[in-house]
Amino acid sequence: MASQSITIRTIEASKPCPGRDVYTWDSGLRGFGLRVTPKGVKSYVLQYRVDGGPARRTTIGIHGSPWTTQTARKEAERLLMLVRQGVDPVEEARNAKRREKVLNFSSYCDQFVELYLQANWPDTWPEQQRILENVLKPRWGKKALTALKRADMVKLMDDYADRPGSRKVIHSLLRKLFNWAVDREDIEISPLAGMKAPKACPSRRRVLGQEELICLWQATGQASWPWGPFARLLLLTMQRRQEVAEMDWSEINLEAKTWTLPAERAKNDEAHIIPLTEMAVAELAALYPQERGFVFSTTGTTPVSGYSKAKRLLDERMLKVMQRRQKERGGDPQSVKIDDWRLHDLRRTGATNLQALGIPIEVTEAVLNHISGTRAGIAGIYNRYKYEPEKRVALEAWDSRLQEMLNRGERPAVAQQAVDADQTRSTRISAMDWRTMLADPQVEVEIDQSSLLTNVNKKAMGS
């Protein structure tokens, strides 16, 4: 084995030898060398010993871009520095590959769900898993956990600046994941360390009034597939957006007029039977039901998505309907505007109307499949009654109220004359007055929640 300074001339002068590798060792940097295979492949190598152990040899790279004599020599110097510190470069490289495979973000999320979320967050882990699958894995799935930096977190939070609720939930989930990784010593420090958490969002109270619901319904009749029927079923069933989006024909029984939401898809991990009313059945029947597959899908294999774009288009159609109706009343169409609302507000709107119709609060919670209040704590443990008949009565009452509202909305709109000007923008009413006031499209109703709950509860107790 020759020993001389390895330069570009040395590389060019080196010739292969049939049947064996030829090594040339650098005279200036101990252990750094050039290997030439019988086929003439030239590569840079490093031979070393860790703490007096046996000699080991590793390949730095084949001569040519990016490896030149200069870059290979610098890499050899770096590796020898590790050797002096008692680190074996070969083992270090193997461990790095193992860590990259184990700490792949997508794989690590699966471990996180199985070993941490399911054990420590039994009530909410399915929802958090959906965020990992739908939001975070598509973004960082192939990236190593150790490669995620503060800049990645900032970019993610910026992308959700217009959705503060989602941003807060995503930040909380990532904080759990990275803190768990730090505890396991899979990473040294969380990329969220020292980063201020997003502010908590104030509780939303938006409830759509009668005029808005009329215009929404008419707008959904003009909406492109699948958003018209999708928005209508959100309103009619009062179920969560993702639950309706993932509705499968196998869950629907039009003869029995039921939709059975399986436990694995429910937020609270409990199966839920939703009675289908006359209007809900009509919407589903119009879609030519199949025996299997998603009810709302543009691909046939995945549920609908792209809610933000669909909501913007729906708002545009709602505004046109509102302007037309305002013009029919003799008003200025340009004075009409739509206050900010979200698809989830349809769920609150339906629930508020149930309360106004005199439906007991525990039945309303059963319709929503919402475990809180009367269905939480000790009461929830001992009261396992599912309120199935009461849920149907409640939803049919809402169906009738909505039909009545929409039928009135189809009549020619006329100017409001009997309502005092000071009361046209906001009227404070109790639950007993709600049904009368909702019939008036010029009145924007503001519910007196304390009066509403008091009246409903008294009715529920037979007072």
Side-chain angles (χ1 to χ4, degrees), residues 1-112 137 139-152 178 181-191 193:
M1 294 186 291
S3 178
Q4 62 185 84
S5 179
I6 295 178
T7 63
I8 189 64
R9 289 183 179 180
T10 307
I11 303 296
E12 293 174 349
S14 299
K15 304 297 181 183
C17 180
R20 66 183 182 86
D21 293 339
V22 176
Y23 289 88
T24 301
W25 299 103
D26 189 75
S27 57
L29 183 61
R30 187 178 178 85
F32 177 51
L34 173 71
R35 178 179 58 201
V36 183
T37 68
K39 293 184 178 181
V41 177
K42 299 175 181 180
S43 58
Y44 299 101
V45 297
L46 178 69
Q47 185 166 288
Y48 63 92
R49 297 175 186 269
V50 178
D51 296 332
R56 303 201 68 173
R57 188 178 294 166
T58 183
T59 300
I60 294 175
I62 296 175
H63 174 67
S65 180
W67 297 110
T68 65
T69 55
Q70 291 83 4
T71 57
R73 186 181 298 276
K74 288 182 178 179
E75 177 64 9
E77 290 172 348
R78 186 188 71 83
L79 296 176
L80 287 172
M81 181 64 71
L82 292 176
V83 172
R84 294 188 192 101
Q85 296 170 357
V87 177
D88 188 330
V90 172
E91 288 301 320
E92 182 70 12
R94 289 174 181 170
N95 290 336
K97 288 184 178 180
R98 284 196 293 268
R99 284 196 301 270
E100 184 177 350
K101 184 177 180 180
V102 173
L103 299 183
N104 169 279
F105 183 79
S106 183
S107 300
Y108 202 81
C109 285
D110 295 337
Q111 294 184 62
F112 176 62
K137 279 189 178 182
R139 194 181 192 101
W140 299 323
K142 296 181 179 180
K143 203 167 186 176
L145 194 70
T146 51
L148 293 175
K149 305 300 179 184
R150 171 69 68 86
D152 297 301
F178 290 129
V182 170
D183 288 342
R184 292 163 58 90
E185 296 186 348
D186 290 329
I187 59 176
E188 292 184 7
I189 187 170
S190 166

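Sequential numbering from 1 along the given sequence is applied to the chain's residues.
Between Asp26 and Ser5 there is a side-chain heavy-atom pair separated by less than 4.5 Å. Inter-residue side-chain proximity for Val50 and Glu91 is flagged as unmet; no heavy-atom pair is nearer than 4.5 Å. Residues Tyr23 and Gln47 are not in side-chain contact: their nearest non-hydrogen atoms beyond the backbone lie 4.5 Å or more apart. Looking only at side-chain heavy atoms (C-beta outward), Arg84 and Met81 come within less than 4.5 Å of each other. Counting only heavy atoms from C-beta outward, the side chains of Leu79 and Tyr48 never approach each other to under 4.5 Å. Between Ile11 and Ile6, the closest side-chain pair of non-hydrogen atoms falls below 4.5 Å. Annotation: side chain of Leu80 is not in contact with side chain of Phe32 (no heavy-atom distance under 4.5 Å).
Residue Ile62 qualifies as open at atom CD1: its count of foreign heavy atoms under 6.0 Å is 12 or below. Gln85 CD: more than 12 foreign heavy atoms inside a 6.0 Å radius.
Residues Phe178 and Ser190 come closest through the heavy atom pair CB-OG, 3.2 Å. Of all the heavy atoms in Leu46 and Arg30, the pair that sits closest is CD1-O, 4.5 Å. In plain terms, the two heavy atoms of Lys137 and Ser106 that are nearest each other are CE-O, 3.4 Å. Across Arg56 and Asp88, no two heavy atoms sit closer than the pair NH1-OD2, 2.7 Å. Across all their heavy atoms, Asp186 and Thr146 have their closest contact at O-CG2, 3.9 Å. Between Thr58 and Val90, the shortest heavy-atom contact is CB-CG2, 3.7 Å.
At a threshold of 4.0 Å, the pair Lys74-Glu77 does not count as salt-bridged, since none of the basic side-chain nitrogens sits closer than that to a carboxylate oxygen.
One finds the CG atom of Leu145 at 11.0 Å from the OG atom of Ser107 (value rounded to the nearest 0.5 Å). Between the CH2 atom of Trp25 and the CZ atom of Arg35 there is a distance of 9.0 Å, given to the nearest 0.5 Å. Remark: Arg57 CZ to Thr59 OG1 distance equals 9.0 Å, nearest 0.5 Å.
Of the possible donor and acceptor atoms, one in the side chain of Arg150 sits under 3.5 Å from a partner among the backbone N and O of Pro191.
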Residues 14-21, side-chain donor-acceptor partners within the protein, below 3.5 Å, at least two apart:
residue : atom : partner : partner atom : Å
Ser14   : OG   : Thr10   : O            : 2.7

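Among residues two or more places apart in sequence or in another chain, the ring pair (Phe, Tyr, Trp, His ring centres under 6.0 Å) test is passed with Trp140 by Phe105.
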*Using the salt bridge (Lys or Arg N to Asp or Glu O under 4.0 Å) rule, take Arg9 and Glu12 through it: C-alpha gap first, then chi angles, then the decisive distance, then the call.*
CA-CA 5 Å; Arg9 289 183 179 180; Glu12 293 174 349; over 6 Å; no
_Verdict with supporting geometry, Asp152 and Lys143, side-chain contact (heavy atoms from CB on, under 4.5 Å)_ = CA-CA 11 Å; Asp152 297 301; Lys143 203 167 186 176; 3.3 Å; yes
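Ring orientation note: the planes of Tyr44 and His63 are nearly perpendicular, at an angle over 60° on the 30°/60° scale.
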